[in-house]
Number of protein chains: 2
Amino acid sequence: MTATPPVRILLCDDHVVVRAGLLALLGSEPDIEVVGEAGSGEEAVALAAKLTPDVVLMDLQLGEGIDGVEATRRIAATGVHVLVLTTYDTDADITRAIEAGATGYLLKAERPEELFAAIRSAAQGRTTLSPPVASRVMARMRKPLPTLTERELDILAQLSQGLGNRDIARALFISEATVKTHLGRIYDKLGVDTRAGAVAVAKEQRLLP
Amino acid sequence: MTATPPVRILLCDDHVVVRAGLLALLGSEPDIEVVGEAGSGEEAVALAAKLTPDVVLMDLQLGEGIDGVEATRRIAATGVHVLVLTTYDTDADITRAIEAGATGYLLKAERPEELFAAIRSAAQGRTTLSPPVASRVMARMRKPLPTLTERELDILAQLSQGLGNRDIARALFISEATVKTHLGRIYDKLGVDTRAGAVAVAKEQRLLP
DNA sequence: GGCCCCATCAGCCGATCGGCTGATGCGGGG
DNA sequence: CCCCGCATCAGCCGATCGGCTGATGGGGCC
């Protein structure tokens, strides 16, 4: 067997501390080489195009600029594997990341060995999910959870501003009747029966940007 | 001038990556020595008592077990300085950390030099706040923001479950009239006029645990 | 050309909400 | 001792909400 070249990694996280941590952890692995660091989504997209790494380690929360999902979408579109490494394991985040083309989804709480293994898998295009994430994905398969339509998300966004039906109607240029129809379906999908409950679920599940 | 002994640090963060990052960053500073690491609040409290570090670097979000605020409270009570290092800068988090006795409040997005400086300050009991945090504190001083009473938080918690007035009343063993009175005051303090709006602010501001 | 999803709208009605005025009791601080 | 913040409760009333039934039209998909 010939010596395999190291896996080339691009880091993307807005926190210096996290980048330093990843750098330190990955530095101990001979077959993994960090070839670049980005502190924003825009930077990551540019560097990924320039460096063509084997894997991009991407945080979903990036503070300023485009978010991790959008960065993932753009980078994945160029054929580079993106391994999402983030703090949260909500359904909405996972779904959006996967739809954006992420190769894997890891939680920052994961043990370093898992991270290394996931990176090596991702370099070959194989998918790795953190156990809690995998569980949620499985659960989602069994019970088709709330998948709100875009219009319903519009309504939900207005609702989360505390607006009444009339104001929502005006904001979206539709009638109150339509607002109420959408609200009813939103309640069904989210498993609630009041606007307060809907807002709670929306915030909890991070359904809104 | 005699050589000053290094500042002795205890890290507390539930993410291995972050601990590794801090370890790497602080390792480059000769006058700062990391004497211990904790992955949970309980561990941090125990280690702080055993090691009596000069400063504890404390994250507020700790996953399982007691949260960072509670850990801060217990450690600060023993006279050890706690420097909060976290991701969020919401009013509620800042307020609770300060009330718990934190010596300073830094954001993870802060530049490493600021972190070093803050650690050295904290070792001497001096307070350091990240600029965004300082701004919020000042703003708070100027305009006495929502300070909900405990009872109001009880109501808000039930409200955030999507419960109606009757159910809230039953849950808290009070009459509907009282619930409505509290709700009115909550609306005033949060600057909203619907339950949906109140829930939105509550979640946004992390007013509930 | 049907079928289904989605978005749109209407009207009805009982339940709930939000604002109002006003009242009681308790505890702490000046 | 009085004042004030806090928690408790009552009643009233117009506005809003949530559930219901039912209808129309556009766009995919087979």
Side-chain angles (χ1 to χ4, degrees), chain A residues 92 95-96 99 140-141 143-204 207-208, chain B residues 91-92 95-96 99 140-141 143-203 207-208:
Chain A
T95 302
R96 285 188 296 173
E99 284 175 355
R140 168 83 66 129
M141 305 290 283
K143 182 161 63 80
L145 263 194
T147 307
L148 300 189
T149 68
E150 272 205 33
R151 204 51 170 161
E152 284 160 358
L153 284 177
D154 291 340
I155 306 280
L156 191 54
Q158 300 299 320
L159 180 57
S160 294
Q161 307 284 317
L163 298 188
N165 291 344
R166 185 174 306 129
D167 301 296
I168 297 176
R170 275 204 267 263
L172 300 181
F173 306 105
I174 55 181
S175 81
E176 275 189 65
T178 306
V179 172
K180 294 177 72 173
T181 304
H182 284 308
L183 274 180
R185 273 196 282 271
I186 291 174
Y187 294 163
D188 277 347
K189 291 185 179 179
L190 298 188
V192 301
D193 58 355
T194 64
R195 16 188 82 215
V199 173
V201 173
K203 297 283 185 182
E204 211 74 56
L207 297 178
L208 303 172
Chain B
D91 287 330
T95 302
R96 284 187 297 174
E99 284 176 355
R140 168 82 68 131
M141 303 290 282
K143 183 160 64 81
L145 261 195
T147 306
L148 299 189
T149 68
E150 273 205 34
R151 204 51 169 162
E152 284 160 358
L153 284 175
D154 291 340
I155 306 281
L156 191 54
Q158 301 298 321
L159 180 57
S160 294
Q161 308 284 318
L163 299 187
N165 291 344
R166 185 175 307 125
D167 300 297
I168 297 176
R170 276 204 267 263
L172 300 180
F173 306 105
I174 55 182
S175 82
E176 275 189 67
T178 305
V179 172
K180 295 176 71 174
T181 304
H182 284 307
L183 274 179
R185 274 196 282 270
I186 291 174
Y187 294 163
D188 276 348
K189 291 185 178 180
L190 298 188
V192 300
D193 57 356
T194 64
R195 19 188 79 218
V199 173
V201 173
K203 298 282 186 183
L207 296 178
L208 303 172

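In what follows, every heavy atom counts, from backbone to side chain, and hydrogens, waters and symmetry copies are set aside. Here is how names work: the chains are called A, B, and so on, in the same order as the sequence lines, proteins then strands, and each is numbered from 1.
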Working to the nearest 0.5 Å, report the span between CD1 of B/I186 and OG1 of B/T181.
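Separation between the atoms: 11.0 Å.
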Are any non-hydrogen side-chain atoms of [X] and [Y] less than 4.5 angstrom apart?
X: B/L183; Y: B/I155; value: yes
X: B/V199; Y: A/K203; value: no
X: B/T147; Y: B/T95; value: no

Below 4.0 angstrom, N of the basic side chain to O of the carboxylate: do B/D188 and B/R185 qualify?
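No, no charged N to carboxylate O under 4.0 Å.
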Expressed in angstrom and rounded to an integer, what is the separation of [X] atom [atom1] from [N] atom [atom2]?
X: A/D188; N: C/dC6; atom1: CG; atom2: P; result: 13 Å
X: A/I155; N: C/dC6; atom1: CD1; atom2: C1'; result: 13 Å
X: A/E150; N: C/dC6; atom1: CD; atom2: P; result: 12 Å
X: B/R185; N: D/dA7; atom1: CZ; atom2: C1'; result: 7 Å
X: B/R170; N: D/dT8; atom1: CZ; atom2: P; result: 17 Å
X: A/I168; N: C/dT8; atom1: CD1; atom2: P; result: 13 Å
X: A/I174; N: C/dC6; atom1: CD1; atom2: C1'; result: 13 Å

Kindly say if A/S175 contacts the phosphate of C/dC9, meaning a side-chain N or O under 4.0 Å from OP1 or OP2.
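Answer is yes, contact under 4.0 Å.
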Indicate whether OP1 or OP2 belonging to C/dA7 is found under 4.0 Å from a side-chain N or O atom of A/T178.
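So the side chain of A/T178 is outside the cut-off, no N or O lying under 4.0 Å from OP1 or OP2 of C/dA7.
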For the residue pair B/L190 and B/A198, what are the closest heavy atoms and their distance?
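Result for this residue pair: CD1-O, 3.9 Å.
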Nearest heavy-atom neighbours spanning A/S160 and B/A200
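Residues A/S160 and B/A200, closest heavy atoms: O-CB, 3.1 Å.
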Where do N or O atoms of nucleotides 11-21 of chain C meet protein N or O atoms at under 3.5 Å, pair by pair?
unit_1	atom_1	unit_2	atom_2	d
C/dT16	OP1	B/R166	NH1	2.9
C/dT16	OP2	B/R166	NH2	2.8
C/dC17	OP1	B/N165	N	3.2
C/dC17	OP1	B/R195	NH1	3.3
C/dC17	OP2	B/N165	N	3.3
C/dC17	OP2	B/N165	ND2	3.3
C/dG18	OP1	B/Y187	OH	3.3
C/dG18	OP1	B/R195	N	3.1
C/dG18	OP2	B/Y187	OH	2.8
C/dG18	OP2	B/R195	NE	2.9
C/dG18	OP2	B/R195	NH2	3.4
C/dG18	N7	B/K180	NZ	3.0
C/dG18	O6	B/K180	NZ	2.6
C/dG19	O6	B/K180	NZ	3.1

So if I take the C1' atoms of five pairs at each end of the helix from C/dG1-D/dC30 to C/dG30-D/dC1 and get each local axis, what angle do the two axes make, rounded to 10 degrees?
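Its terminal axes enclose an angle near 40°.
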Looking just at side-chain N and O atoms, do B/T178 and B/S175 make a donor-acceptor pair shorter than 3.5 Å?
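Yes, side-chain donor-acceptor contact under 3.5 Å.
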side-chain contact (heavy atoms from CB on, under 4.5 Å) partners for B/Q161, two or more places apart:
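B/Q161 satisfies side-chain contact (heavy atoms from CB on, under 4.5 Å) with B/L163 only.
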